[in-house]
Protein chains: 2
Amino acid sequence: MREVTTAQTPTRNRGSRRTEILDAAARLFAARGFHGVSIEDIGTAVGTSGPALYRHFSGKEALLAEMLLDISERLHASAAARVTAAPDAEQALDALLNGQIEFALGHPALITVHDRELGNVPEPARRQIRRLQRLYVEEWVTVLSELYPGCPPARLRAATHAVFGLLNSTPHSAGELPPEAMAPLMRAMARAALAEAGN
Amino acid sequence: MREVTTAQTPTRNRGSRRTEILDAAARLFAARGFHGVSIEDIGTAVGTSGPALYRHFSGKEALLAEMLLDISERLHASAAARVTAAPDAEQALDALLNGQIEFALGHPALITVHDRELGNVPEPARRQIRRLQRLYVEEWVTVLSELYPGCPPARLRAATHAVFGLLNSTPHSAGELPPEAMAPLMRAMARAALAEAGN
DNA sequence: CGGTGACGTTAATGATGACTAACATCCTCG
DNA sequence: CGAGGATGTTAGTCATCATTAACGTCACCG
């Protein structure tokens, strides 16, 4: 009858299971796609079997929704913080680039899921995710507009999407270069591409 | 009892149905993913119902395999032809860029499927597709190596993948700019990014 | 101790979906 | 005309899967 047993495995950090599930699901979704992964697969990946997941999420789509919402929020929040902290547009762009590159290299599965599986998110959450994505893009466009006035926003928006494509491709071309070499390369390429787009 | 009726709908160009099916399937796969599309969906899209497809393809995976194989072949063949026709490396790179941009803007669904669904192709064909993709990349790396000697091939390979990510993102960011504006923008951005990667 | 809540487990249940079977059409060629 | 082949159709069949039900376990709190 001691409360000595405070460590071990019990008294799990609350929510640790949820995030463990989200992580495993992200990896699986990234590798095989939402419909290519079964609830049972996810359960197995976290050491429980199948329906145990319903203790943590109301369903497969809800799980995906929470995953994408979390990603969008992190990206947007980080971008907003970095931009407001930067002294000028030049450094704001650097900060945005660094943030996106860190995220893409640090969480390849999340990036992959983020730009492939929006279509499988049910409607209440879908709109919210889209909204955050839009805000994130506008963060970039605003900075770029300041850096390249005279360049039409539509062009800058297209350029931004293209740069996302460039940076987010790193999860797929994994292994070509070590991350220490990859990050500066991506930064340099993205910067050059944006400078060219700005004219 | 005339054979006057040579036109109309009968006497279909042989194979027209097959390619019609492949087109429809590509659009559906691009939009919802391989596992998100049913045989019935594809049938409906071409005006027949479900199992009629088995008259043309041995199964869903075989259909995907043929689709990806065809894309890889077209990309590789076009690249090889353009490179050998080009007088120098500079123009070879231009030709490669133009080819990829034309393809990405002209067949957005094919590009999307091409870099998402390889994992669902069964093994005999998978290897073949990978081989063609590798050859395609090497076509780029070879040209870039000539243009930027001294730059390690691994870096050029990574840069090539990144540029594919940039160019292939156009299907997703559709609508930002008209294609006439999009193509030159992508060309300029890709060129700048590659020049930067080459040092 | 008794109970409550968090977390799992193993059987349904009910859809959906790939693929096959059995059965037309109809065009073409002999 | 009549056989053959190409192309469809509709009703199975059999898996797989998401979700739910019914039933433990166990830690903790009163």
Side-chain angles (χ1 to χ4, degrees), chain A residues 1-25 28-29 31-67 117 119-122 125, chain B residues 1-25 28-29 31-67 117 119-122 125:
Chain A
M1 50 303 235
R2 299 313 93 60
E3 71 255 10
V4 178
T5 33
T6 2
Q8 301 170 334
T9 307
T11 311
R12 289 195 192 81
N13 330 352
R14 45 281 110 91
S16 89
R17 210 61 212 269
R18 277 178 77 83
T19 63
E20 190 182 349
I21 292 169
L22 285 168
D23 280 7
L28 290 170
F29 288 165
R32 311 211 293 267
F34 182 72
H35 293 294
V37 175
S38 73
I39 288 286
E40 184 68 32
D41 291 335
I42 304 175
T44 301
V46 298
T48 82
S49 251
L53 300 192
Y54 288 86
R55 295 293 170 193
H56 302 276
F57 299 91
S58 68
K60 203 184 169 190
E61 290 185 332
L63 194 161
L64 179 68
E66 179 163 332
M67 183 156 83
E117 307 293 2
N120 292 308
V121 175
Chain B
M1 51 306 235
R2 294 318 89 58
E3 71 255 10
V4 177
T5 34
T6 0
Q8 302 169 331
T9 307
T11 311
R12 288 194 192 83
N13 330 352
R14 46 280 111 89
S16 89
R17 210 60 212 269
R18 278 178 75 82
T19 64
E20 190 182 350
I21 292 169
L22 285 168
D23 281 7
L28 289 170
F29 289 165
R32 310 212 292 267
F34 182 71
H35 293 295
V37 176
S38 73
I39 289 288
E40 184 67 34
D41 290 334
I42 303 175
T44 301
V46 299
T48 81
S49 251
L53 300 192
Y54 289 87
R55 296 292 172 195
H56 303 276
F57 299 92
S58 68
K60 203 184 169 190
E61 290 185 330
L63 194 160
L64 179 68
E66 179 163 331
M67 182 154 75
E117 307 293 2
N120 293 308
V121 176

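In what follows, chains carry the letters A, B, and so on, assigned in the order in which the sequence lines appear, proteins first and then strands, with residues in each chain numbered from 1. In what follows, every heavy atom counts, from backbone to side chain, and hydrogens, waters and symmetry copies are set aside.
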Heavy-atom pair with the smallest gap, counting every atom of [X] and [Y]:
{"X": "A:I39", "Y": "A:G50", "answer": "CG2-O, 3.7 Å"}
{"X": "B:H35", "Y": "A:R32", "answer": "CD2-O, 4.2 Å"}
{"X": "A:G43", "Y": "A:L53", "answer": "N-CD1, 4.1 Å"}

Spacing between [X] atom [atom1] and [N] atom [atom2], to the nearest angstrom:
{"X": "B:L53", "N": "C:dT20", "atom1": "CG", "atom2": "P", "value": "13 Å"}
{"X": "A:E40", "N": "C:dG8", "atom1": "CD", "atom2": "P", "value": "14 Å"}
{"X": "B:L63", "N": "C:dC19", "atom1": "CG", "atom2": "C1'", "value": "14 Å"}
{"X": "A:R32", "N": "D:dT16", "atom1": "CZ", "atom2": "P", "value": "14 Å"}
{"X": "B:I42", "N": "C:dG17", "atom1": "CD1", "atom2": "P", "value": "12 Å"}
{"X": "B:H35", "N": "D:dA18", "atom1": "NE2", "atom2": "P", "value": "12 Å"}
{"X": "A:D41", "N": "D:dA18", "atom1": "CG", "atom2": "C1'", "value": "12 Å"}
{"X": "B:K60", "N": "D:dA15", "atom1": "NZ", "atom2": "P", "value": "19 Å"}

| message | Between A:T44 and A:D41, is there a side-chain donor-acceptor contact under 3.5 Å, judged purely by atom types and distance? | response | no
| Does B:H56 put a side-chain nitrogen or oxygen below 4.0 Å from OP1 or OP2 of D:dG8? | yes
| request: For A:V46, report the nucleic acid contact type (base, sugar-phosphate, nothing); a contact means any heavy atom under 4.0 Å. | output: nothing
| said: Regarding A:G59, tell me which of base, sugar-phosphate or nothing describes its non-hydrogen contacts under 4.0 Å with the strands shown. | reply: sugar-phosphate
| message | I need the A:F29 CZ to A:L63 CG distance, nearest 0.5 Å. | response | 5.5 Å
| note | Considering only heavy side-chain atoms of B:A52, the closest of C:dT9, D:dG8, D:dA18 is D:dG8
| query | Do B:R55 and B:R17 have side-chain heavy atoms sitting under 4.5 Å apart? | reply | no
| query | Below 4.5 Å, heavy atoms only, C-beta onward: do B:M67 and B:E117 meet side chain to side chain? | reply | no
| request: Give the B/S/- string for nucleotides 20-26 of chain D, one per nucleotide from 5' to 3', where a protein heavy atom under 4.0 Å of the base yields B, of only the sugar-phosphate yields S, and otherwise -. | output: B-BB---
